[in-house]
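Heads up, the thing below is written out as structure tokens.
Values below: every heavy atom of this structure, side chains too, minus hydrogens, waters and symmetry copies. Note that the coordinates shown come from a computational prediction; the quantities given were computed from them, not determined experimentally.
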Amino acid sequence: MNQDYIKPDNWSVIEEGFDVDSVKSSESLFSIGNGAMGQRANFEENYSGETFQGSYIAGIYYPDKTKVGWWKNGYPKYFAKVLNAPNWIGIDIEINGESLDLNACTAVKKFRRELNMKEGWYNRSFEATLQNGTEVAVNIRRFLCMDLDEVGVINYEITPLNKEAKIVYKPYIDAGVTNEDANWEEKFWEPLETKDHENQAFVTAQTFKTHFKVTTFMQNSILENGKNLNLLPEIVSATKEKIQFSYAVSVAKGTTSSIQKIGGYTVSLNHEDTLSGAEQVIKAALAKGYEQLLSEQIEAWAKIWEMSDITIDGDVKAQQGIRFNIFQLNQTYSGKDSRLNIGPKGFTGEKYGGSTYWDTEAYCIPFYMATKDQQVARNLLTYRFNQLDKAIENAKDNLGFKNGAALYPMVTMNGEECHNEWEITHEEIHRNGAIAFAIFNYHRFTGDYSYIPEKGLEVLIGIARFWHQRANFSKDKNQYVILGVTGPNEYENNVNNNFYTNYIARWCIDYTHDQIQKVSLEYPSDHKRIIEKVKLSDAELQDWKKVSGNMYFPKSEELGIYLQQDGFLDKDLVLVKDLDKGQRPINQKWSWDRVLRSPYIKQADTLQGFYFFEDHFTTEQLQKHFDFYEPFTVHESSLSPCVHSIQAAKLGKMDMAYTFYLRTSRLDLDDYNKEVEEGCHITSMAGTWMSIVEGFGGMRVKNDALHFSPKIPKEWTGYSFKINFRNQILKVVINHKETQFSLEGTKELTVFVNGNAILVEPNSLVVV
């Protein structure tokens, strides 16, 4: 049974009623961020119940020592922790001498949370009866500024309902935080200095080992009925790692008292002196004031939604789902800083560690290419180019490869591998292919070839060299094979000849070879520079082609399908529908040994190849492979439903496509995998966007033109989306009768609908 306490709404995520069992899940679902920092929806006031405290700063990490039972050559030396950052949101509250704590109140009524995705703020309200009999109404609004992205704002209002109340606000900043997932129960922050002045306080700390310096700051104002009382605080405590102020006010029954707290971080990535930087940030925020900061927040999100929104008519849950996904993607990564990337949990939790997986290239880049300026996607590609030397070092030092072969890490912060499960770190090598595919995909979509001669070709050569060396010749098969891998289906480890891995390896070599030829003809100076730098010879190129031209792919002639890997048909082929539902999810119910021996597929594997390389196969081939593999797929990866939704839509299986769409769009809202309290699945949310645009909309790029094959679920009356295609904004509106196109740009655009060419002129409507 999935959770269902989130109220359907077109623009907001809403929870009504206080339930202690939902607190940690809601902390994930109501998380906020602005690309530079983010935080779970923890209560500002003290809460003695179960909670998962979490605030995070983009680019800040700690190399936690890998914890394994024994050490093997090539194991990563550390596991990069997404760090729980110093807490700036804390505001302890005393009312008539008693701490406000929802876990201890005698009654909590009218509890409501709202994450307003349209305007980019989080609101929590309730009425509480304390054990001393005082009744209060509380309303808290919090947001992280999209423009002034080192600043967050809290407006915390309290109204006594049944008597006068002495309210004591005790705001604090605290660097004495720990991670939920610390391997060795150690702290990651070393406090350096504190400072306070009037209503401002600062705690500067740095991470152990990596020495990122962060100043956490706060500025407080106490108001009554919206009027600033200009109070100065008493200092409750001032240690090396924490400063806490105290403001005491007497508030009449029915009068609203509030504290407005400005807080946030300045980091050494951006400031030479983080303390003076924090002082300047506070000054800028105060000059604007709360109302202007909120107004600018609403304007910033209006601009984001203008381009990235997808509308769905007639299905509120579907609409809420896609907007939740788009909202989380935009608040996780803004594209401003090429040093940053998209972590699988974003700013919603600590699980997985690292900031970059193959998810970025396989799932996220299409979203950012189509909804933002192409420079944002180029920044994501540049991120990998900047880490090429580390990828070469990884292949050489950990796996014994040579001659500039590059294996990009499965998980990374700075280019070094930091994932500590061997079957992922050493065997899930298909991630190399996704990075090469992203370069191809970027050029295909944007038309910008310049990235390849400037940066991308060096990445491609390193990857091609890896695949050439990773394959070996089988005398038995008289073909090249790739042994001991884990494909996208992580429920199969150490298999031989995973179809997807072998296929993308062959494609990478051939694509790289083609780009070398193209660059030699069209960019001869770049070609000369690169070939001399990497010392690539014609003889080596010929060796590559021997491998790609004679790659082995397991197949069943009887079934007419490629096999996921050697021996797949030797398994006990019981379909998922015949499994006892009490055994699901199998990754939480079964031993790992049993999972590995089963035929069950965590996510698209062979079908991932059919998704990437759709044009290499006929629709009939896709149909045959989909019908065989989907019934064995348990979809226990967040990355699974989106690919299956796209392929089901292509095959005309609209009921199935719609079901998969709901699953991917509401994966976290409905907690399909029973783990949302650990954080949301940010990178798979880009797959949700693809489910609509590529799945139902049927959008493809072929021969420098946009192609569509529009379909619509019967549950919807219509839907729309926008695509930024080569600096022209195309809006697509689809209903059961027709498809409409309109264009923002300066020149006409030819698109294809079900194979037919349609001319769309600027500022005009075309109906098909």
Legend entry - Salt-bridge criterion met for Lys345 and Glu350 (N-O under 4.0 Å): no

Inset, instruction - May I ask you to say whether Glu193 pairs ionically with Lys195, meaning some side-chain N is under 4.0 Å from a carboxylate O? - result: no

Under a 4.5 Å cut-off applied to non-hydrogen side-chain atoms, are [X] and [Y] in contact?
| X | Y | value |
| --- | --- | --- |
| Asn341 | Leu380 | yes |
| Glu15 | Arg112 | no |
| Trp189 | Thr178 | no |
| Glu94 | Ile167 | no |

Heavy-atom donor-acceptor pair, [X] side chain to [Y] backbone, under 3.5 Å:
| X | Y | answer |
| --- | --- | --- |
| Ser12 | Ile14 | no |
| Asn46 | Asp92 | no |
| Lys261 | Gly90 | yes |
| Ser28 | Val676 | yes |
| Gln319 | Asp9 | no |
| Asn42 | Phe52 | yes |

Lys NZ or Arg CZ of [X] over [Y] ring: under 6.0 Å, within 45°:
| X | Y | result |
| --- | --- | --- |
| Arg339 | Tyr383 | no |
| Lys242 | Tyr172 | yes |
| Arg124 | Phe43 | yes |

Inset, instruction - Might you point out which heavy atoms bring Ser334 and Val376 nearest each other, and give the distance in Å? - result: O-CG2, 4.3 Å

Inset, instruction - State, to 0.1 Å, how close Ile173 and Thr216 come at their nearest heavy-atom pair, and which atoms those are. - result: CD1-O, 3.4 Å

Inset, instruction - Apply side-chain hydrogen bond (donor to acceptor under 3.5 Å, both in side chains) to the pair Glu27 and Thr51, showing each step before the final yes or no. - result: CA-CA 8 Å; Glu27 288 172 345; Thr51 179; 2.4 Å; yes

Inset, instruction - Hey, can you tell me if Phe217 and Phe202 have their rings parallel, tilted or perpendicular (30° and 60° cut-offs)? - result: tilted

Legend entry - Parallel, tilted or perpendicular: rings of Tyr290 and Phe143 (30°, 60°): tilted

Inset, instruction - Could you walk me through whether Tyr5 and Ser26 pass the side-chain hydrogen bond (donor to acceptor under 3.5 Å, both in side chains) test, one step at a time? - result: CA-CA 10 Å; Tyr5 70 87; Ser26 292; 2.7 Å; yes

Legend entry - Identified ring pair (Phe, Tyr, Trp, His ring centres under 6.0 Å) counterpart of Phe327 within the set Phe30, Trp301, Tyr122, Trp121: Trp301

Legend entry - Working for side-chain hydrogen bond (donor to acceptor under 3.5 Å, both in side chains), residues Asn325 and Ser665: CA-CA 7 Å; Asn325 285 248; Ser665 69; 5.4 Å; no

Inset, instruction - Name all residues meeting the salt bridge (Lys or Arg N to Asp or Glu O under 4.0 Å) criterion together with Glu98; count only those two or more places apart in sequence or in a different chain, and write none if there are none. - result: none

